[in-house]
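Here the structure comes first, spelled out in structure tokens, and everything after it is commentary.
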Amino acid sequence: MSDNRTITVWRDPYGAGFNTTRAKKVVFTKGTTILVGCNGSGKTTLLQNIEDELRKADIPVFMHSPNTDLSKMIDRAMFEGNFGLVGASKSMSEGENISLVFSQSFDAIRNFIATGKKPNKTFKIFSEPEKEITSNERWILLDAIDSGYSIDNIVQLKTIFNRMHEDVNTHNVDLYIIASANTYELAQNSNCLDVMTGKNVHFDTYEEYRNFILKTQEKKEKRYKKETK
């Protein structure tokens, strides 16, 4: 089994004259990695980059974006006439909605860890033969998973991550969880990756995290100033 994987980083993905990540390659170690940086620093782009590279290599990857998946869940509920779920969602806070969507995805994630397969919710007239899963790697990508979360929600989220890693012990697979973060609580004492430099960072205190976010904000502003000149 491999303990790490190198991802080739997109260069100038938006044709704007700059790279969201300075590094040309980023190395991820199995376990949980938290992507950190200010809003707009490139966390979502890097997740999409990782997903694209893994798919090209036929490595099982599960992407979960709460906001996107929430919209899909609401659309499906309206199509099925489940207006109770639609109404309940409208009355919930952002964090409660994220918890709802993630909890509904949890069984699918556990099955993905075991089999490497995601549930196919798309109806097809002609079924295609499924590709054989030969990789022992499982990648779970979580975008803005802590948005709107309270501290107790994030503590619970970290517990869920630990349970996922415990599950792999019975399935003989290497699990990589890559999550983008906007809160100190998720980044605290975690293996973190600075999306702007591609280097690993660590935060022991809130002050360290706060200063880091403010510096990445300054870097982002300088980057966009160069773009507009």
Using modelled atom types only, decide if a donor and an acceptor are shared between the side chain of [X] and the backbone of [Y] within a distance under 3.5 Å.
| X | Y | result |
| --- | --- | --- |
| Lys43 | Cys38 | yes |
| Ser190 | Cys192 | no |
| Asp146 | Thr183 | yes |
| Asp52 | Gln48 | no |

Atom of [X], atom of [Y] and distance for their closest heavy-atom approach:
| X | Y | result |
| --- | --- | --- |
| Glu208 | His202 | OE1-O, 3.9 Å |
| His171 | Ala114 | CE1-CB, 3.5 Å |
| Ser41 | Lys220 | N-CD, 4.3 Å |
| Tyr209 | Ala181 | OH-O, 4.2 Å |
| Val173 | Ile113 | CG2-O, 4.0 Å |
| Lys158 | Glu185 | NZ-O, 2.9 Å |

Side chains of [X] and [Y], heavy atoms from C-beta outward: is any pair under 4.5 Å?
| X | Y | value |
| --- | --- | --- |
| Asn111 | Phe62 | no |
| Glu53 | Thr8 | yes |
| Asn189 | Asp204 | yes |
| Val61 | Arg138 | no |
| Leu193 | Val26 | yes |

Verify same cluster id: [X], [Y] (apolar side-chain graph, 4.5 Å):
| X | Y | answer |
| --- | --- | --- |
| Ile154 | Tyr206 | yes |
| Val155 | Leu186 | no |
| Tyr184 | Leu214 | no |

(request) Tell me, please, which residues at least two apart from Asn39 pass side chain to side chain donor-acceptor pair (under 3.5 Å). (result) none
(request) Verify side-chain contact (heavy atoms from CB on, under 4.5 Å) between Ile140 and Ile109, making sure each step is shown before the conclusion. (result) CA-CA 8 Å; Ile140 299 172; Ile109 290 174; 3.4 Å; yes
(request) Please step through side chain to side chain donor-acceptor pair (under 3.5 Å) for the pair Thr6 and Lys25, ending with a clear verdict. (result) CA-CA 6 Å; Thr6 301; Lys25 295 182 182 293; over 6 Å; no
Quick check for you: to the nearest 0.5 Å, what is the distance between [X] atom [atom1] and [Y] atom [atom2]?
| X | Y | atom1 | atom2 | answer |
| --- | --- | --- | --- | --- |
| Leu46 | Ile7 | CG | CD1 | 8.5 Å |
| Phe203 | Phe212 | CZ | CZ | 4.5 Å |
| Gln188 | Ile151 | CD | CD1 | 9.5 Å |
| Ile178 | Ile145 | CD1 | CD1 | 13.5 Å |
| Leu141 | Ile177 | CG | CD1 | 10.5 Å |
| Tyr176 | Ile50 | OH | CD1 | 11.5 Å |

(request) Ignoring hydrogens and angles, state whether a donor on the side chain of Ser180 or Asp143 is under 3.5 Å from an acceptor on the partner side chain. (result) yes
(request) Sort out for me which residue in Val168, Asn169, Asn136, Asp167 forms a side chain to side chain contact (heavy atoms under 4.5 Å, CB included) with Leu175. (result) Val168
Which side-chain N or O atoms in residues 10-22 pair as donor and acceptor under 3.5 Å with protein atoms at least two apart or in another chain?
residue, atom, partner, partner atom, Å
Arg11, NH1, Thr21, O, 3.2
Arg11, NH1, Ala23, O, 2.9
Arg11, NH2, Arg22, O, 3.2
Asp12, OD1, Gly15, N, 3.3
Asp12, OD1, Ala16, N, 2.9
Asp12, OD1, Gly17, N, 3.0
Asp12, OD1, Phe18, N, 3.4
Asp12, OD2, Gly17, N, 3.3
Tyr14, OH, Thr45, OG1, 2.2
Asn19, OD1, Asp12, N, 2.5
Thr21, OG1, Val195, O, 2.7

(message) Run the side-chain contact (heavy atoms from CB on, under 4.5 Å) test on Thr115 and Ile133 for me, step by step, so that the C-alpha distance in whole Å, both residues' side-chain angles and the decisive distance to 0.1 Å come before the verdict.
(response) CA-CA 8 Å; Thr115 67; Ile133 305 297; over 6 Å; no
(message) Check Arg55 with Glu51, please: is the shortest side-chain N to carboxylate O separation under 4.0 Å?
(response)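 So Glu51 pairs with Arg55 through a salt bridge.
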(message) Salt bridge check, Asp174 against Lys30: does any charged N sit closer than 4.0 Å to a carboxylate O?
(response) yes
(message) For Thr159 and Asn162: C-alpha separation, side-chain torsions, deciding distance, then whether side chain to side chain donor-acceptor pair (under 3.5 Å) applies.
(response) CA-CA 5 Å; Thr159 301; Asn162 291 334; 5.3 Å; no
(request) Apply side-chain contact (heavy atoms from CB on, under 4.5 Å) to Thr197 and Asp194, showing your working. (result) CA-CA 6 Å; Thr197 64; Asp194 177 354; 3.2 Å; yes
(request) Dump the intermediate steps for side-chain contact (heavy atoms from CB on, under 4.5 Å) on Val9 and Lys24, then the final yes or no. (result) CA-CA 5 Å; Val9 178; Lys24 294 182 178 180; 5.7 Å; no
